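Nothing here was measured: the structure is a model prediction, and the numbers come from that model.
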Amino acid sequence: TDEGACRRDGAVQRWDEPDFAMRLGTDLSQHGGSLSATTVQCWKDEGISFAIVQYSVLMTQQLQVLAEAGMEAEAYVYLYWGTSPWGQTPLDRTRAALTFIKHFNVKRLWLDCEDTDHAYREGQLVECVDACQRVGIEPGIYTGAWWWVPHTANSHVFAFLPLWDARYVDEQPSNMDDFESYGGWEKPEIWQWHNTTTLCGHSVDLNVMEDEMPEPTQPTETEALRAL
């Protein structure tokens with residue numbers, strides 16, 4: 001049996017090691033346009049179980065479609081250090097994103113740290129984290145070692161938050177074992193493993209997330225005998 005696969009001993013379903021399976025997810029931005037119910041159903045048919053929506057003018061529409069389809073949703077907001085081209089601070093953008101998502105069952109807001117045009121400001125990121133926590137939304141950090149290490153001097157200040165790691169590989173990962181620690185993170189919560197592609201006619205990035213396997217059932221005496 002392949003590692004991590006489901007197998008049967010007689011009539012009893014069991015899981016081999018490791019203790020985690022990989023859930024598949026997408027993330028999407030305004031560049032892909034409005035989201036359709038047909039697309040989300042196609043994603044579900046392809047094994048996608050979660051989607052992460054960008055803070056944008058399309059955020060509410062995209063979250064509404066995901067909610068109606070019963071797909072788990074998270075959100076992210078791109079942070080421009082200092083001010084954005086539209087005169088928003090990172091805190092302004094975070095608060096706006098929180099306002100959009102409060103009407104939906106969004107479990108987490110990822111703070112997107114990859115701005116290379118402005119000098120990183122740790123205090124602004126702290127403000128964004130605090131804003132999420134004050135309204136009961138879990139914050140997380142989206143970044144990659146390629147950005148975090150040089151721009152923050154590999155700061156460990158935010159290692160207590162979950163990490164959504166951007167690192168691209170050729171094949172869909174089956175585990176997180178080859179993650180190389182940075183920023184104090186020992187393992188990412190989510191791995192964005194493939195950048196912009198098209199899935200079911202919509203522009204997305206591809207992600208995986210570890211999902212704990214269910215506890216194996218204990219066989220009854222009859223099932224144990226059948227397995228002999």
Side-chain angles (χ1 to χ4, degrees), residues 23-44 48-115 117-118 120-121 123-143 147 158 161-166 188-190 192 195-196 198-207 209:
R23 295 177 58 199
L24 310 182
T26 61
D27 66 85
L28 58 153
S29 71
Q30 63 182 337
H31 300 297
S34 298
L35 186 61
S36 73
T38 301
T39 293
V40 178
Q41 183 57 55
C42 179
W43 287 352
K44 293 170 79 171
I48 301 298
S49 64
F50 67 95
I52 310 173
V53 176
Q54 179 198 41
Y55 161 62
S56 75
V57 294
L58 291 178
M59 186 179 219
T60 298
Q61 188 274 336
Q62 293 171 339
L63 287 173
Q64 183 65 45
V65 172
L66 291 170
E68 291 172 355
M71 179 168 285
E72 181 181 312
E74 303 192 18
Y76 75 96
V77 55
Y78 187 99
L79 302 181
Y80 297 85
W81 311 118
T83 57
S84 75
W86 308 277
Q88 296 171 303
T89 66
L91 182 58
D92 292 335
R93 293 176 62 79
T94 299
R95 285 173 171 166
L98 290 168
T99 298
F100 281 155
I101 68 177
K102 70 180 181 180
H103 302 295
F104 300 95
N105 185 26
V106 173
K107 62 181 289 189
R108 187 158 41 203
L109 179 63
W110 295 95
L111 305 172
D112 186 340
C113 301
E114 56 176 322
D115 178 14
D117 294 328
H118 307 88
Y120 168 65
R121 300 187 185 183
Q124 289 189 321
L125 185 52
V126 169
E127 290 178 336
C128 296
V129 170
D130 290 345
C132 293
Q133 293 175 330
R134 278 196 297 271
V135 298
I137 294 293
E138 180 184 19
I141 303 295
Y142 168 88
T143 194
W147 187 91
F158 301 95
L161 297 174
L163 171 67
W164 176 12
D165 184 46
E189 181 79 9
I190 300 176
Q192 185 186 76
N195 62 352
T196 308
T198 300
L199 182 63
C200 300
H202 199 96
S203 177
V204 297
D205 300 320
L206 301 179
N207 302 271
M209 178 195 303

Interatomic spacing from [atom1] in [X] to [atom2] in [Y] - rounded to 0.5 Å:
X	Y	atom1	atom2	answer
Tyr142	Leu79	OH	CG	12.5 Å
Tyr55	Leu111	OH	CG	13.5 Å
Gln62	Ser36	CD	OG	11.0 Å
Gln124	Cys113	CD	SG	11.0 Å
Ser49	Leu24	OG	CG	6.5 Å
Met209	Trp164	CE	CH2	9.5 Å

Worksheet item: Quick one: do the Glu74 and Trp110 side chains pair a donor with an acceptor below 3.5 Å?
Response: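 Yes, Trp110 and Glu74 have a side-chain donor paired with an acceptor closer than 3.5 Å.
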Compare all side-chain heavy atoms of [X] with those of [Y] and state whether any distance is below 4.5 angstrom.
X	Y	answer
Val40	Glu68	no
Ile137	Val106	no
Tyr120	Asp115	no
Thr196	Asp205	yes
Lys102	Leu98	no

[X] to [Y] - nearest heavy-atom pair and separation:
X	Y	value
Thr99	His103	O-CD2, 4.0 Å
Ser34	His202	O-CE1, 3.4 Å
Pro90	Gly82	CD-O, 3.4 Å
Thr94	Ala131	CG2-CB, 4.3 Å
Gly32	Ser203	CA-CB, 4.0 Å
Met59	Ala75	CE-CB, 3.4 Å

Worksheet item: Do Tyr78 and Tyr76 have their ring centres less than 6.0 Å from each other?
Response: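 Not under 6.0 Å, so no.
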Worksheet item: In this structure, are over 12 heavy atoms from other groups packed under 6.0 Å from Arg23 atom CZ?
Response: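 Buried by this count: over 12 neighbours within 6.0 Å.
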Discussion item. Within the supplied structure, the quantity of interest is the number of heavy atoms (other residues, nucleotides, ligands) at a distance under 6.0 Å from Asn105 CG; does it exceed 12?
Written reply: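 No.
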With no hydrogens and no angle check, is any side-chain donor or acceptor of [X] less than 3.5 Å from a backbone partner on [Y]?
X	Y	answer
Lys44	Ala69	yes
Asp130	Glu127	no
Asp112	Val77	no
Trp43	Leu199	yes
Gln54	Gln30	yes
Gln61	Leu35	yes

Item to complete: Show your reasoning for whether side chain to side chain contact (heavy atoms under 4.5 Å, CB included) applies to Leu63 and Ile101.
Response: CA-CA 8 Å; Leu63 287 173; Ile101 68 177; 3.9 Å; yes
Fill in: Step-by-step side chain to side chain contact (heavy atoms under 4.5 Å, CB included) determination, Phe50 to Asn207
CA-CA 9 Å; Phe50 67 95; Asn207 302 271; 4.1 Å; yes
Practice prompt. Apply side chain to side chain contact (heavy atoms under 4.5 Å, CB included) to Ile52 and Ile190, showing your working.
Written response: CA-CA 11 Å; Ile52 310 173; Ile190 300 176; 3.8 Å; yes
Discussion item. Walk me through whether Trp81 and Leu125 qualify under side chain to side chain contact (heavy atoms under 4.5 Å, CB included).
Written reply: CA-CA 9 Å; Trp81 311 118; Leu125 185 52; 4.2 Å; yes
